[in-house]
Each structure stands twice: as structure tokens, then as C-alpha cells.
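Written out below as C-alpha cells is the structure these notes cover.
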Amino acid sequence: MTVRVRFAPSPTGHIHIGGVRTALYNYIFAKAMGGSYILRIEDTDLERSTKEFEESQLLDMAWIGLEHDEGPGVDGDYGPYHQSQRMDTYHKYAQQLLDEGKAFYDFCSDQELEEMSRKNKEEGAPPYTGKWKDPAHWDEAKAKITAGEKAPIRFLVPAKDVCFTDHVRGEVKFPEGMVGDFVIMRSNGMPTYNFCNVIDDHLHKITHVIRGEDHVNNTLRQVLVYEAIGAELPEFAHVSLLIGADRQKLSKRHGATSVKQYRESGYLPEALANYLCLLGWSHPEEKDVFTVEELANKDVFSLGRFSKSHAVYDIEKLKYINAQHIKRLSVDELHLRVAEFMEEDSYYHRQTGEWQKAFVGLYQDKIQLLPDLNEKIKDITREVVEPSNELEEILSWETTPAIKQYLASELEKTTGDYVDADTFSQWMDYCKKELKIKGKPLFMGFRGVLTGQNHGPDLKVLIPLTPVANLKKRIESL
RNA sequence: GCUCCCAUCGUCUAGCCCGGUCUAGGACAUCGCCUUUUCACGGCGGUAACAGGGGUUCGAAUCCCCUUGGGAGUACCA
């Protein structure tokens, strides 16, 4: 059996990190099993679905590396992949259920429905007990429909316990009578999620449904629909949900929750994917820095390694993972990725590619996020030294004035825009040999005088990247 | 309310299914030390958890029950 999985978002907003997490699990499982990953757009909610959101979701998914084998823009044997283009199919199945007496038209008014569900709740009965579920009224209902009246179609829920097997939760059982006859077709002719989702999974030959735990209750209804249309059940895996530090469902209150925000904040897609996979799933070798490609292997990724409990989303660890992935990049690659995150008027953009690469390489293991480099560029552009206690201390050493005087005169003699690394080494050698300064006073003296800071990256690389003019101004301002 | 689900360091988790090898392992964060004559990176080490109560058993983080706490669903949303 070839594994076929799908991710089926609704284009009603920007894609959420919880959404890509389940998409990632589906994708990785498909790749690990040599199967296919299908993307289906569930745009049956006319009110909330927009083309803009769909495009935004497609963009974010592409960014994180979720390439689908079938779906929008990628033809497959089971299209179309937009639910809005599959209406005929849903109507056909709905009609079949109607004909077989497994569904019925419901003409109860909203008010009737409301009273009914309130009363039934008190009595512990299933929510829907309207008269239209009684076959005795079905001819009357058909007549009304023929006469042009609009009504939703409800699924006639059979009186039976329902159970299914879940890869993360084991056997899940629901007692009879806990769901009422639910709507499968709205009065506007659009199918509802619990109906078209099942039809499509069946027709798309989906073998494994990996989705959030918030769907377990839906699965009860869906199992019933599978049975009603005579379809075989896929295998299920309901993955635990993501929650915030306050243990509440993750929402905007908890900060950035859309993939878009992470993309724009300078997180690496491989890092976000890495971190998201770690929430609720664990690597068999307990690794925590990896790529999606490394996971897409059946010896590594398995449905049995999902955690049953909720996971608190912790941005600190995401940042750590991001820093790890930044370090794994080649300087050339990092250079490419950094460009869009440097401020538009940054000094950085006015430099040669070679200079940029040297700069990026210098800070590669010192940043967590790509835009952190904007702060680091100040080490280059700073013209005036800002006083600090640490700097005062360095300046107060008896060796420092000599270094300062020497450096000032050397800079004065320098004609180019930058000093080269060799020249800088010669300066150090001179101070070491002629001025007899060594160790901490030498290095810190140089650092203090040339950068005005008491810490920072390797001077041998930093100084040749700094314009001589700035170096001069700094010394003057001391 | 009802139905379903969950419960190991502050956080993510390993271990649980197939009880002893667990004086409970790893990672983030945190603290300390070392290293790079700075910072960061890295290395080493510390603090820190089996929710509570009952069983079962020679023996329970692991199996069972209860309590408590948390989550999800309960739409003509998905």
C-alpha cells in the first residue's frame, strides 16, 4: 500500500505555526514512507475564505519547504484539489445518502433548533430530535424541496457506539447518543467539513490522517460518514496541540503565531520546521537539531514517537535552534539569506560582496536571528566612542596612552580606506616588540582604543572591515 | 453540564506498551568553572521532575482505581 497523506487548510487566515506543524508531520511521514503528500484547499466557508489568504498560505508553506506532490499548481490523478471545485461530487454523495435513508432534509427553524438543543441538553438527549428525522415526514420534505424551499441536509446518526484506533491515542471509544444528527449540506448548498473532508479523503485515497487533537471529536462523526458511504477507514493519528506558557491554547496573545511573522522576523525556515517537529514528537536518538530531510526516513520518523500531552511553545528554544542552523550554513549561503534583513539604508548594502561575506562570517556564530546583524553593523559604523566604566578602566592603564598615540600616528599615515590584515598584525607586533606591551593590556588596549568597546569579535577581522576614517574619529573622540 | 483526552526538571522531552538495569537520561533556560588574552561559540559541572492518594507486586515513573489539575469538542467554522 502506498502511503498518501494530506494537509487540508482553510484559507481563512495566515497559516498558523500549529498548522505547519501538522503539515510538516504529514509531509515527513509521506517522504519517510515513500508516499505522497497532497495539499487540498478546504474553501467551503464562503464567508471567511479568500484567495489572498490562500496565496499567503501557499507562500508560507513553500518557504518552509512543504512541497506537495499533488494539489494547487501540481496536477495529480485526483483533482481538483479545491473543495469549491468539487461541489458536484458532494452533491452526488449527499443525494446517495438521502436516497438510502441515511440523511434527511431538515426544515426546523433556528428558534426551534435552539429550544430543542437546550431542552435535550437538560435531559441528556442527543441535540437533534426534530420531527424531520422521522421517515414519515420525508415525502413532505421532498415536496418542499421540489417546490423550491431551501433546507440543510442532516446526517441520520445511527444509534451505536463508535470506536476507532489512533496511532497516538490507542483505542478511542464514544458512547452512543453523544452527537446529534449533524448537518452535512448547508441550506446554501455548501457541504460542511465533516462531510466533504471524508468524501475527499476517500476519493483522494488518503491512507493516513494526521491532524490535531482538536479533531478527535470530529472523527466520531467522520467514522460514521465513512461507514455510510461504504468507504474504508484511513489510519488516524491525532497529534497533541500547542499551548502557550499560561497553558492556554496558543493564540495571538502569546505573541507571534503566524508563520509569516517568523519569516519576516529573520528566522530560518529550517529552524522553525526543526523546532516545530520537536514539539510533541521526539527523535529516536534524542537529537534536537536536525533538518526535515534527515527526518524523512522510516528509521527515524515514526507515528509511535508522538507525545500524548500538550506542548508549551517556548520561543527561547526556537531561538537556540535558529542559532544552530545559522551556524550550519556556509558563509555564502548565509550571505544570500541575510541581504533582505539588513535595513534598507544600512552601510552594509554599500559594501562589496567580499566585504559583506567577511562581515557575515565574523558574526555567524554570534547571532540568533538574521536581523541581529543590524545591531552588529554598529561595530563598523560607530564614529564616536561612548564612555563606559569598562572603557575608562582600559584607558586608565599605564600602557594604553602609548598604544593610542602609536595607533593615531599610524592611522594618520594610512592612505587607503581600510587597513589590511597584515598591516594590522604589524601594528600589534610593533607594540609587542617596541613598546613591550603584551597580553591583556595589549589586546584590550587595542580593542578599547580602536572600537571604544571592551568586548566584541576578533580584532584581526573586525579592524580590516572598519573604515580608517571611523577608526580615526574614534581615537579623536577618546 | 455532557463526551473524549492528558499528567516526568521552569520548558521540550527519554524512559512507560514488554514492571527490577532509574540514587530517572538529554536539550533549552539558569548558575559556576575552563578555553578562545574580550564577548560570543564550545567544553565541563551544579540547581531542578516521576501531581496526590490508594491498590496489585518480592519490587512501580512504568499496571489498576480514585482525587486533583489541565486541554479539546459540544455550529448551517474548519
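Letters A, B, ... are given to chains in the order of the sequence lines, protein chains preceding strands, and every chain is numbered from 1. All heavy atoms count here, side chains included; hydrogens, waters and symmetry mates do not.
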*Looking at A:Arg221, does any N or O in its side chain come under 4.0 Å of the phosphate oxygens OP1/OP2 on B:rU74?*
no
*Taking the six-membered ring for Trp and the full ring for Phe, Tyr or His, determine whether the centres of A:Tyr81 and A:His204 are under 6.0 Å apart.*
yes
*Between atom CG in A:Asp372 and atom C1' in B:rC39, what is the gap in whole Å?*
15 Å
*Can you tell me the distance, in whole Å, between the CZ atom of A:Phe182 and the P atom of B:rA75?*
13 Å
*The single option from A:Pro72, A:Ser10, A:Ser49 passing side chain to side chain contact (heavy atoms under 4.5 Å, CB included) against A:Ile41*: A:Pro72
*Just call it for A:Ser187: base, sugar-phosphate, or nothing, with non-hydrogen atoms closer than 4.0 Å on any strand.*
base
_Strictly below 4.0 Å: does A:Thr192 bring a side-chain N or O up to OP1 or OP2 of B:rC76?_
no
_Can you list, in residue-number order, the parts of residues 311-324 of chain A that come under 4.0 Å of RNA chain B, counting heavy atoms only?_
A:Ala311, A:Val312, A:Asp314, A:Glu316, A:Lys317, A:Tyr320, A:Gln324
*Look at all strands and tell whether A:Phe174 reaches a base, only sugar-phosphate, or nothing, counting heavy atoms closer than 4.0 Å.*
sugar-phosphate
*Strictly by modelled atom types, are A:Ser240 and A:His310 linked by a side-chain donor-acceptor pair under 3.5 Å?*
no
*asked:* What's the gap between B:rG20 and B:rA61 when it is taken at their P atoms, as a whole Å value?
replied: 10 Å
*Please work out if A:Lys308 contacts a base, only the sugar-phosphate, or nothing of the nucleic acid, heavy-atom cut-off 4.0 Å.*
sugar-phosphate
*Contact class for A:Arg118 (heavy atom, under 4.0 Å): base, sugar-phosphate, or nothing?*
nothing
_Between A:Tyr275 and A:Asp314, is there a side-chain donor-acceptor contact under 3.5 Å, judged purely by atom types and distance?_
no
*Considering only the C1' atoms, how many Å lie between B:rC34 and B:rC39, rounded to the nearest integer?*
16 Å
_Residue A:Ser309, side-chain heavy atoms: nucleotide from B:rC6, B:rA78, B:rA72 that is nearest_ = B:rC6
*Using only side-chain N and O atoms of A:Thr44, determine if any of them is under 4.0 Å from OP1 or OP2 of B:rC77.*
no
*From the options B:rC77, B:rU3, B:rA14, select the nucleotide whose nearest atom is closest to the side chain of A:Pro175.*
B:rU3
Under 3.5 Å, side-chain donor or acceptor atoms of residues 319-330 of chain A against the rest of the protein: list the pairs with distances, not counting sequence neighbours.
from	atom 1	to	atom 2	distance (Å)
A:Asn322	OD1	A:Leu268	N	2.8
A:Asn322	ND2	A:Gln368	O	2.5
A:His325	NE2	A:Asn274	OD1	2.7
A:His325	NE2	A:Phe290	O	3.4
A:Arg328	NH1	A:Glu294	OE2	3.4
A:Arg328	NH2	A:Val289	O	3.4
A:Ser330	OG	A:Glu333	N	3.1

*asked:* For a quick check of understanding: with a heavy-atom distance under 4.0 Å over all strands, which category does A:Gly280 fall into, base, sugar-phosphate or nothing?
replied: sugar-phosphate
_side chain to side chain donor-acceptor pair (under 3.5 Å) partners of residues 391-400 of chain A, not counting sequence neighbours, each pair once_ = none
*Taking the side chain of A:Met444 as its heavy atoms from C-beta onward, which of B:rU38, B:rC77, B:rG71 lies nearest to it?*
B:rU38
*In terms of side-chain heavy atoms, does A:Arg211 have a donor or acceptor partner in A:Thr22 at a distance below 3.5 Å?*
no
*Run the ring-centre check on A:Phe446 versus A:Trp427 and record whether the distance is less than 6.0 Å.*
no
_Of the options B:rA78, B:rC4, B:rU13, whose atoms approach the side-chain atoms of A:Val172 most closely?_
B:rC4
_Measuring from atom OG1 of A:Thr44 to atom CE of A:Met87, what distance do you get when rounded to the nearest 0.5 angstrom?_
8.0 Å
*Rounded to whole angstroms, how far apart are CG on A:Asp379 and C1' on B:rU38?*
12 Å
*For the pair made of CD in A:Gln57 and P in B:rA78, what is the distance, rounded to whole Å?*
14 Å
_Nearest to the A:Gln248 side chain among B:rG71, B:rC12, B:rU3, which nucleotide is it?_
B:rG71
*Residue mapping more 5' on RNA chain B - nearest nucleotide basis, A:Asp214 or A:Ser307*: A:Ser307
_Using Watson-Crick or G-U wobble geometry with both distances under 3.5 Å, which nucleotide pairs with B:rU30?_
B:rG46
*May I ask you to check whether A:His202 and A:Tyr226 place their ring centers less than 6.0 Å from one another?*
no
*asked:* In terms of relative ring orientation, are A:Tyr128 and A:Phe104 parallel, tilted or perpendicular, with 30° and 60° separating the classes?
replied: tilted
_Sugar-phosphate, base or nothing in reach of A:Gly439, heavy atoms under 4.0 Å_ = base
*Under a 4.0 Å heavy-atom cut-off, which of residues 237-247 of chain A touch RNA chain B?*
A:Leu241, A:Arg247
Show me the donor-acceptor pairs, under 3.5 Å and distance only, between side chains in residues 429-436 of chain A and residues at least two apart or in other chains.
from	atom 1	to	atom 2	distance (Å)
A:Lys436	NZ	A:Lys433	O	2.9

*Please find out if less than 6.0 Å separates the ring center of A:Phe182 from that of A:Phe195.*
no
*Just call it for A:Asp106: base, sugar-phosphate, or nothing, with non-hydrogen atoms closer than 4.0 Å on any strand.*
nothing
*Figure out the CH2/P separation between A:Trp397 and B:rU38, and round it to whole Å.*
11 Å
*asked:* Under 3.5 Å for both donor-acceptor distances, Watson-Crick or wobble: does B:rU38 have a partner, and if so which one?
replied: none
_Heavy atoms from C-beta onward define the side chain here; which of B:rC12, B:rC77, B:rA72 lies closest to that of A:Leu279?_
B:rC12
*Rounded P spacing from B:rC2 to B:rU67 in Å*: 12 Å
*Between B:rA72, B:rC41, B:rU37, spot the one nearest the side chain of A:Lys438, thanks.*
B:rU37
*On the ring face of A:Phe107, is A:Lys144 found with NZ or CZ under 6.0 Å from the centre and within 45° of the axis?*
yes
*For atom CE of A:Met178 and atom P of B:rG1, their distance in whole Å*: 15 Å
_Distance check needed: B:rU37 P versus A:His455 NE2, whole Å only._
18 Å
*asked:* Would you measure the distance from the C1' atom in B:rG52 across to the matching atom in B:rU13 and give it in whole Å?
replied: 23 Å
_Could you tell me how far apart A:Glu285 (CD) and B:rG15 (C1') are, to the nearest whole angstrom?_
16 Å
_Need one value for A:Asp458: base, sugar-phosphate or nothing, where a base atom within 4.0 Å counts as base even if backbone is also close, heavy atoms only._
base
_Does the structure show a Watson-Crick or G-U wobble partner for B:rA72, both distances under 3.5 Å? Name it, or say none._
B:rU3
*Using a 4.5 Å cut-off on heavy atoms from C-beta on, say whether the side chain of A:Ile475 contacts that of A:Leu471.*
no
*Paired with B:rG20 by Watson-Crick or G-U wobble geometry, both distances under 3.5 Å: which nucleotide is it?*
B:rC58
_Give me the distance, rounded to whole Å, that separates B:rA7 from B:rC50 when you measure between the C1' atoms they each carry._
10 Å
*Got a sec? Which of residues 145-171 of chain A come in under 4.0 Å of RNA chain B, heavy atoms?*
A:Pro152, A:Arg154, A:Arg169
*Given that A:Glu286 and A:Lys366 both sit by RNA chain B, which one's nearest nucleotide is further toward the 5' end?*
A:Glu286
